[in-house]
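The structure appears below as structure tokens.
First the proteins, then the strands, lettered A, B, ... as listed; each starts at 1.
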Amino acid sequence: MTRRLRSFMVACTAALVALATAAQPVTVTDDRGTTVRLAQPPQRIVSLLPSITETVCELGACARLVGVDRYSNWPSSAARLPRLGGLDDANVEGIVALKPDVVLLARSARIIQRLESLGVPVVALEPDNMPDVQRVLRTVGQLLAVDDADRVWRGIDAGIRAAAQSLPPGVRRTRVYIEVSSVPYAAGESSFIGQVLAQLGAQNVVPAALGPFPKLNPEFVVRANPDVIMVSDRTSTALEARPGWAGIRAVRERRVCRFTPDEGDVLVRPGPRMAEGARLMARCLQPVSR
Amino acid sequence: MEEIARRNRQSLWLGAGLLLASVALVALGAAVGSTGLDNLFRTATDPVAQQIVWDIRVPRTLGAWLAGALLGLAGAVAQGLFRNPLADPYLLGSASGASLAVALALVLFGVSPFATEWLVRVGLTGVAFAGATVAVLLTLALARGAQQTLRLLLAGVIVGVVLGAISSLVVLLDPNVMQAMQAFLLGSTSFVGWSACGVMALVALPCLLLAGLLSHALDGLTLGETTALSLGLPLARMRLALVGVLALATGAAVAQTGLIAFVGLAAPHLVRSVVKTTHGRLITLSALMGAVLLCAADLLARGLLAPQELPVGVLTAVLGGGYLLWLMRRRGVGSAPA
């Protein structure tokens, strides 16, 4: 065959393959157990959960997002999209006006039934802990018809392992208290941030039996005498001035890490930036050089 | 005369009973901690346990007692001043003013380093107190003095509603502070230390004395405004002073422990259900009753789910409301209306 004919046939085959995959219907099962069928991979996506926004962008489909919720602030291109409210007060009219092919939101969102009754396909995902992140990555990858999900997950996993390995073996004895609100609400072992801490090898002073975010008696923290305190809330001012807290080892040795609001966002979102969260916590857990 | 002497004796007995209950509750409070009921005798040998008892538990329990006393006192004054059995210390907008000030402080913190430094020094307590005072001053300005009770009441409600709406808006614009605001609105003695106890005690004594001296105005008001005026009482000045006492007591309590509902409302009713007496004794007994109520609620809040804490406002409603309900049923079933 002449070269021209061959290149023409290659081009035709490529076009046919592209057409075939693009027009392939997608079927996913969301966290409610509902099966959602779309005629083709969605081109206009609305995401109402920051971790899902980050997942979509990490899988390379950031350009397909047309609207996000008010808390989605990463990456910066997503932050510039129209804001459609939060978990409880999502703007149904705004969402429908954007003519989305699919809306990705949390299972506990209030507007699911309203959107479905208006004929908008809804995929409800709720990543609460570390295994959930992998599952949500796979589901979103299936929905977007991209194969990258496993590669992204391997990258995250490698990042967390690297963060854990950057710490000396003595970190296993480090007892950490993580405060998420100045009430005080603490992050327990079963919370997402507690699980990242466990991956790094450190111990959480709040046991799993108390739940993910227990409202503690401050005396409990004084008794537990943690070595490191991590504060992911800027309203926790004057930690050292609380009655009885000046004697806590972490306060005496000045091992109180205060995360900025942006860093706090990374730490509490079960999404693709988990490895960065692990790195932030590992930096805090590094022993102070004497 | 027989009747009056009997009632005086009854109020003395109630006062003594409440004082005894207070001592028992404070002693119990030193034993209730993050492990539930603790063995106090063990602390004699363990310095860490001693430090926990003296630095954390005793000031918390005393703080709850003092805050309850302030709220009970303010409740009795409010109910006498407005001649309304549903009046509570937060009627003049002090609650909304305090919560708006706290919301603004929580939101603005972190914006500039100067704000941080200032906030750490003054603390949320100072901010809450300032907010409560400003709200009461606003109410007085709106009502143009404390001459007319109805106008004062209306102005207080207006200020309360408007400031409450603004503070809800502020929290909505920055949802990061929602948890901290909710804890403030439900009240807690989590971080009450010795300095907070000192502040509350310093405020409680003059308020109690002043309210006792002004109790004649409240007694006169029960006969109606015109009758009270005809009795020769300098009503306008006394009313203004009583509003000042109300604002000071409420502001001090709210600044240290947050907005604990129901104590100010229930304490005077609980006292009145046991003894019938004039405002002079009612104010003191109401303070003691409020102190006992809040102390008991705080103990339960700490001890029921240790090491987790329940919001103390929930327990004051359950305790105070439950007892009032029982009293109402008992009153309705048997004895003649008093």
Side-chain angles (χ1 to χ4, degrees), chain A residues 50 69-71 73 83 85-89 177 179-188 205-207 209-225 231-249 258-265 268, chain B residues 32-36 38 47-49 51-60 63 102 105-107 109-111 115-117 119-121 123-124 172-184 186 188-197 258 301-303 305-311:
Chain A
D69 68 315
R70 76 159 68 90
Y71 306 114
N73 50 13
R83 298 285 178 95
L87 190 66
D88 290 324
D89 60 341
Y177 165 66
E179 186 168 287
V180 294
S181 170
S182 60
V183 175
Y185 276 101
V205 296
V206 180
L210 292 176
F213 294 110
K215 177 179 186 286
L216 289 177
N217 187 337
E219 189 188 313
F220 179 84
V221 182
V222 174
R223 272 178 182 276
N225 202 14
V231 180
S232 76
D233 179 28
R234 60 191 173 150
T235 61
S236 295
T237 63
L239 212 76
E240 296 82 355
R242 295 177 182 173
W245 282 50
I248 296 179
R249 187 172 301 139
R258 288 191 162 84
F259 296 117
T260 65
D262 287 330
E263 290 172 342
D265 281 343
V268 300
Chain B
V32 170
S34 61
T35 49
D38 217 5
V48 172
Q51 187 234 346
I52 285 179
V53 166
W54 284 110
D55 278 348
I56 302 179
R57 287 190 205 155
V58 175
R60 270 190 82 158
V102 167
L106 289 174
V107 165
F109 167 65
V111 170
T116 312
E117 182 55 44
L119 187 72
V120 164
R121 261 207 310 271
L124 282 174
L172 198 69
L173 289 175
D174 186 358
N176 291 319
V177 304
M178 212 174 273
Q179 264 185 339
M181 269 308 292
Q182 199 198 30
F184 175 75
L186 285 171
S188 127
T189 57
S190 288
F191 298 124
V192 171
W194 285 113
S195 55
C197 285
R302 277 188 274 156
L305 287 181
Q308 297 193 59
E309 270 191 47
L310 292 168

Who are the salt bridge (Lys or Arg N to Asp or Glu O under 4.0 Å) partners of B/Asp55, not counting sequence neighbours?
none
Can you give me the closest heavy-atom contact between A/Asn217 and B/Gly33, atom names plus distance?
ND2-C, 3.9 Å
Output for pair (B/Leu305 CG, A/Lys215 NZ), nearest 0.5 Å, gives 10.5 Å
Partner chain A: residue of B/Gly193, B/Pro307, B/Pro311 with the largest heavy-atom pair count (under 4.5 Å):
B/Pro307
Is A/Phe220 in contact with chain B via its backbone, its side chain, both, or neither, using a 4.5 Å heavy-atom distance?
both
Shortest non-hydrogen contact from A/Pro184 to B/Phe191?
CD-CZ, 3.9 Å
Spacing of B/Ile52 atom CD1 and A/Glu219 atom CD [to the nearest 0.5 Å]:
5.0 Å
Can you tell me which portion of B/Gln308 sits under 4.5 Å from chain A's heavy atoms? Options are side chain, backbone, both or neither.
both
Mind listing the closest non-hydrogen atom pair of B/Glu309 and A/Pro218 along with its distance?
OE2-CD, 3.3 Å
